[in-house]
Amino acid sequence: MHKITFIPGDGIGPEISNLAKRCLESMGVQIEWEEAIAGEEALKKFNTPLPNSTIQSIKKNKVAIKGPITTPVAGGFRSVNVAMRQVLDLYVCLRPYRSFLGASSKYENIDLIVIRENSEDLYAGIEFKQGEKDTKRIIEDIQRLEGSRISLDSAISIKPISEYASKRIFRFAFEYVRRNKREKITAVHKANIMKYTDGLFLESGREISKQYPEIEFEDRIVDNMCMQLILKPQKYDVLVLPNLYGDIVSDLCAGLVGGLGMSPGANIGDDVALFEPTHGSAPKYKGKNKVNPTAMLLSAALMLRYLKENTAADRLEKAIQEVIKEGKIVTYDLGGSAGTREMGEEIIRHTLHATR
Ligand code: NAD
């Protein structure tokens with residue numbers, strides 16, 4: 001019996017996460033769910049978007065699955081998603097992007113893995129607000145220490161990249177490639193401009209690659225990488241990126257396989273893993289029975305693999321593939337008119353056939 005923390009999420013979160021839960025239950029995977037809340041509901045109930053009880057539940061069960069959570073733009077609380085990754089030290093964001101036959105996409109035969117460093121970079125959320133005393137002090141210190149003039153009316157974000165975090169993400173990536181019989185790692189960076197931060201990231205990758213001589217290692221500058229992914233995505237295998245580029249390139253890759261509705265994800269640490277789709281809470285579709293449940297269900301399949309429930313994971317992925325290939329009961333983004341619920345039910349039905 002697996003004990004798993006279940007966080008429904010905000011916006012479209014509950015619609016898709018409850019479907020994933022039902023899907024795993026109907027396949028007979030032995031799971032005891034422990035429901036915990038985060039985001040808007042937690043803010044109302046506990047006066048904090050990320051209650052300690054939720055963190056404790058994940059720490060105790062070591063595996064969690066969540067729907068997306070809304071983050072207010074500028075002002076309001078900081079991202080609960082980022083906070084969870086930091087507090088639980090989920091330093092890997094793993095996102096597979098695979099073409100599904102029948103999914104409306106301009107590309108075929110995509111099979112990319114994005115491994116995004118999850119703990120530092122501009123995403124660390126270290127920011128200094130415009131006009132405040134500390135911000136002015138930092139601006140003056142920078143001018144004194146480094147010589148650059150920064151306008152005094154600036155806001156400042158800090159981009160920390162460490163050797164420790166860079167090496168551990170590359171170590172994870174090389175081990176992943178070895179375990180999953182993949183072939184090549186491409187490190188993505190902007191080390192030509194950010195020589196110290198991105199330079200350190202790249203150098204760390206090169207260092208670690210020496211321990212894995214059988215795995216091909218190359219690098220690309222992030223802007224060129226974006227163009228290459230549009231022109232010839234099939235040439236790439238596993239991409240390793242610092243946090244911010246990882247975030248942006250993930251969505252680009254989602255576009256290659258039919259959009260955010262098709263893109264699952266996992267946040268992984270040494271001891272704990274949290275599974276969630278790449279997409280956000282799409283508030284405009286909240287309660288409209290509209291969005292594609294596939295990304296959430298594929299995230300559940302990733303979780304099953306993490307739990308070594310490979311047969312169930314295979315069944316679920318096969319069911320998703322069949323429903324998309326048939327193309328009859330699929331959501332708007334796949335060219336259909338079915339709702340979230342109808343597509344989800346159809347996938348559940350297909351997982352049951354797969355047992356016969
Ligand atoms: P979003 O991913 O929620 O939605 C962008 C657009 O993508 C949607 O309007 C919709 O057209 C499409 N889309 C997303 N999910 C889809 C699905 N399952 N099926 C079909 N189409 C889908 O991005 P956003 O609008 O920038 O963000 C909304 C909120 O979600 C923000 O508060 C943001 O901070 C948050 N967010 C949370 C997470 C997370 O919980 N991990 C991740 C990203 C964004």
Side-chain angles (χ1 to χ4, degrees), residues 6-20 36-43 49-50 54 58 64-88 90 92-95 97 100 103-105 114 116 118 123 125 243-244 246-255 257-268 273-300 302 320 323-324 329-344 347:
F6 173 74
I7 304 165
D10 296 329
I12 56 165
E15 291 169 63
I16 53 172
S17 56
N18 281 306
L19 207 54
I37 56 170
E40 286 165 354
E41 194 189 339
L43 191 63
L50 183 54
T54 298
I58 302 173
I65 186 162
K66 72 177 261 298
I69 291 171
T70 306
T71 305
V73 175
F77 59 81
R78 278 198 184 279
S79 168
V80 171
N81 307 300
V82 175
M84 272 185 183
R85 292 166 201 163
Q86 287 174 349
V87 173
L88 298 164
L90 303 173
V92 179
C93 181
L94 176 78
R95 289 170 170 172
Y97 296 95
F100 277 79
S104 40
S105 165
V114 168
R116 162 185 173 193
N118 232 358
Y123 246 81
N243 211 338
L244 182 64
D247 181 48
I248 298 164
V249 171
S250 287
D251 276 27
L252 190 157
C253 292
V257 296
L260 283 170
M262 300 297 296
S263 309
N267 299 291
I268 302 170
L274 171 69
F275 296 83
E276 61 176 345
T278 300
H279 62 74
S281 58
K284 70 177 179 192
Y285 292 136
K286 179 181 175 177
K288 297 220 162 92
N289 190 33
K290 173 95 179 164
V291 298
N292 186 349
T294 302
M296 186 79 221
L297 292 171
L298 286 173
S299 304
L302 271 182
I320 293 169
V323 170
I324 293 175
I329 306 180
V330 293
T331 45
Y332 78 98
D333 55 320
L334 296 173
S337 58
T340 309
R341 234 177 359 255
E342 291 69 32
M343 184 172 172
I347 291 169

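Ligands are counted one by one from 1 in listed order, and the atoms in each one are counted from 1 as well.
Remark: ligand 1 atoms within the under-4.0 Å shell around heavy atoms of K284 are 9 (O). Annotation for ligand 1: atoms under 4.0 Å from non-hydrogen atoms of G261 are 17 (C), 18 (N), 19 (N). Here is the list of ligand 1 atoms found below 4.0 Å of a heavy atom in Y332: 10 (C), 11 (O), 20 (C), 21 (N), 22 (C). For ligand 1 and Y285, the ligand atoms under 4.0 Å from any heavy atom of the residue are 10 (C), 11 (O). Counting atoms of ligand 1 from 1 in the listed order, those under 4.0 Å from a heavy atom of D333 are 20 (C). Counting atoms of ligand 1 from 1 in the listed order, those under 4.0 Å from a heavy atom of N292 are 17 (C), 18 (N), 19 (N), 20 (C). Less than 4.0 angstrom separates some heavy atom of T70 from each of these atoms of ligand 1: 32 (O).
For the pairing with M343, the side-chain contact (heavy atoms from CB on, under 4.5 Å) check across V330, L297, L19 returns one residue only, V330. When each of I69, V80, I37 is tested with L50 by the rule side-chain contact (heavy atoms from CB on, under 4.5 Å), just one qualifies, namely V80.
When heavy-atom distances to ligand 1 are checked against a 4.0 Å cut-off, P283 comes that close only through its side chain, counted from C-beta outward. Of the heavy atoms in T71, both backbone and side-chain atoms come closer than 4.0 Å to ligand 1. Contact annotation for N81 and ligand 1: only side-chain heavy atoms (C-beta onward) come within less than 4.0 Å of the ligand. Neither the backbone nor the side chain of V80 comes within 4.0 Å of ligand 1, counting heavy atoms alone. Of all the heavy atoms of K66, the ones lying under 4.0 Å from any atom of ligand 1 belong exclusively to the side chain. Within the 4.0 Å heavy-atom criterion, the part of L260 lying near ligand 1 is the side chain and not the backbone. With a 4.0 Å heavy-atom cut-off, ligand 1 is reached by the side chain of E276 but not by its N, CA, C or O.
Here the side chains of L90 and I268 are not in contact, with every heavy-atom distance at 4.5 Å or above. Side-chain contact between V249 and R116 is absent, with no heavy atoms from C-beta onward closer than 4.5 Å. Contact of the P293 side chain with the T331 side chain is registered, since non-hydrogen atoms from C-beta on lie closer than 4.5 Å. Between Y332 and S337 there is no side-chain heavy-atom pair separated by less than 4.5 Å. Using a 4.5 Å cut-off on side-chain heavy atoms (C-beta onward), N267 and M84 make no contact. Here the side chains of F275 and P264 are not in contact, with every heavy-atom distance at 4.5 Å or above. A 4.5 Å side-chain heavy-atom check between E276 and N81 finds at least one atom pair inside the cut-off.
Residue T278 has no N or O atom closer than 3.5 Å to an N or O atom of ligand 1. Residue G280 has at least one N or O atom closer than 3.5 Å to an N or O atom of ligand 1. Checked by distance only, ligand 1 and A282 come closer than 3.5 Å through their nitrogen or oxygen atoms. Geometrically, ligand 1 and I69 share a nitrogen or oxygen pair separated by less than 3.5 Å.
With sequence neighbours left out, the side-chain contact (heavy atoms from CB on, under 4.5 Å) criterion links I248 to L244.
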message = What verdict does the side-chain hydrogen bond (donor to acceptor under 3.5 Å, both in side chains) test give for T278 and S250, after you've listed the backbone C-alpha separation in whole Å, the side-chain angles of each residue and the deciding distance to 0.1 Å?
response = CA-CA 8 Å; T278 300; S250 287; 5.8 Å; no
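Note that the CG atom of N292 and the CD1 atom of I324 stand 6.5 Å from one another [nearest 0.5 Å].
Nearest-heavy-atom check against atom 17 (C) of ligand 1 across V291, D251, I12 picks out V291.
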